[in-house]
Amino acid sequence: MSNLFEVRNLDVCYGPVQALRDVNVEIKKGEIVTLIGANGAGKSTLLMSLFGQPKPKNGSIRFKGEELTRLATHQVGNLGIALVPEGRRVFSSMTIEENLMMGGAGCTADKDDPVLAHVYELFPRLKERQHQRAGTLSGGEQQMLAIGRALMSRPDLLLLDEPSLGLAPLVIKKIFETLEMIAKEGTTIFLVEQNANYALKFADRGYVLVNGNIKLTGSGDELLADPEVRKAYLGGH
Amino acid sequence: MDFHILFQQLVNGLTLGSVYGLIAVGYTMVYGIIGMINFAHGDIYMISAYLAAIFMALLFSFGLDSVPLVIVCTLMITMAITAVYGWSIEHVAYRPLRNSTRLAPLISAIGVSLILQNYAQISQGAGTQSVPTLIEGALRFGDDNAFFQITYMQMMIIAVSAVSMGALTFLIQRTAYGRKCRATQQDRTMASILGINTDFTISSVFVIGAIMAAIAGMLVTLTYGSFDFYVGFIVGIKAFTAAVLGGIGSLPGAMLGGLILGLSESLFSGFINTDYKDVFAFSILVLVMIFKPSGLLGKPLVEKV
């Protein structure tokens, strides 16, 4: 089976600083893949470079056979890739419902959209507060909103950038439970996480990113058992 | 106290304030979406005054003799051509500077302002232009000794402004286009990741600002009948003041700021002194800036981390 998503020999630079070096990632349809790594390893850079923020220096990124490095940011956004960005980036002065409608294809979803009802089903909290401004939500609720917004376009590939960041353990657990449900519906997921424990248990396969370079790859369980991974990311010995 | 003077000045102030509000919308929306003060906006207003005068004369010379029809046609043409000005200026003078320092587009805007003024001066002459009054008459209230009046032209200004503002508010608050604008305003990168063509959204905001300025330019030209290539400057400064007064970046703020400025100017001229009305208007600005730096309806952004 051909890959849904494929990164080949990717180099990304911020001015003179090279953030990613010769990165290769591939994801098949229906897979759950995670990328773990320490702060500053280049995890977010990889996700943002799909959208040309910043534009990669070398290499190729292909999604459904389309070369993304040649496209403008908003064109990538309309291909069926949705991002739950680091720091959530919900539109704080817009209501929950407006935020969700922004996520729909072409940003033109309306109130009767069946996907909207489905997102409210996944996150009943959002439905309760649909007319509240997003800025009034707690961190966990904002994370749910960011995930819900990304789901609105029925993406073929859902990208998540550290959904557990800054959240209480109970909230993290709840978010991962929801992600399981989303994965069961057949959405392909690429999860970038610092919380290696949660991420590797959740994913089919994983990549370990160190200083902008993929150091290790394997199934979730293999990586969980790997002594180096345990030492570096799981606090084990 | 002379109540007829008070009422008269309220009517005048409301008219003036509506005009300021229409123009202030252009400043506030552009500032909201790309954080820049479009100093050429006042000159867009000036250009629309010329366009309105030219097309009114043309339509009459083509034998169109129904006044309402001429006014409506002229308004449409003026809005369309002014929109093209707004769109082109954004493309030529501001877009290439989108990712440079904040000061660069500001300087570019001053350049555009000078170009437009000189272009109007060279192509249309430096003298004051005038157009005939098309709509005369007024509603009078009170007896012959103490009356106040609303001219039909004033009524038209207030009505057209109210309708335009209402339509714009609906557009921004209730439609998918408006959500795209607000999203672009808050987080341009995130908006484009969601698939919004933010460059197009930004251009469209310039177009909307220009259209509102064109409505103001046309109405004022019809009311006062005279203008020159320099009218954009002082009107622009006043409208900018209105936008800042109401809270720059806020749409209702621009409308409120316009009304406050217009009313305070006309009340001050009616009861105290005409020569110092501008001093009074700008003093209000200074006071608001001291006690509420974000403007009357502007909100300091609070981000939850």
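Lettering follows sequence order; numbering is per chain, from 1.
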Residue pair B:Met190 / A:Pro85: nearest heavy atoms and the distance that separates them: SD-CG, 3.4 Å

Toward chain B, the part of A:Met48 with a non-hydrogen atom under 4.5 Å: side chain

Pairwise distance CZ(B:Arg188) to OG1(A:Thr73) - rounded to 0.5 angstrom: 11.5 Å

Other residues, nucleotides, ligands: >12 heavy atoms within 6.0 Å of B:Ile290 CD1: yes

A:Arg133 atom CZ, neighbour heavy-atom count above 12 within 6.0 Å: no

Exceeds 12 heavy-atom contacts within 6.0 angstrom, atom OH of A:Tyr198: yes

A:Tyr14 OH: over 12 foreign heavy atoms closer than 6.0 Å: yes

Rounded distance (nearest 0.5 Å) linking atom CZ of B:Arg179 with atom CE of A:Met94: 7.0 Å

A:Glu98 portion near chain B, given a 4.5 angstrom heavy-atom threshold: both

Over 12 foreign heavy atoms within 6.0 Å of NZ, A:Lys64: yes

Contacting region of A:Phe51 [heavy-atom separation from chain B under 4.5 Å]: side chain

Spatial distance of atom CE (A:Met102) from atom CG (B:Asp187) [nearest 0.5 Å]: 10.5 Å

Within 6.0 Å of CZ in A:Arg8, more than 12 heavy atoms from elsewhere: yes

Within residues 193-203 of chain B, residues adjacent to chain A where the heavy-atom gap is under 4.5 Å: B:Ile193, B:Leu194, B:Gly195, B:Ile196, B:Asn197

Over 12 foreign heavy atoms within 6.0 Å of NZ, A:Lys173: no

From CA spacing to verdict: side-chain contact (heavy atoms from CB on, under 4.5 Å), B:Gln186, A:Ser92: CA-CA 8 Å; B:Gln186 274 186 45; A:Ser92 54; 3.8 Å; yes

Atom CZ of A:Arg154: over 12 foreign heavy atoms under 6.0 Å: no

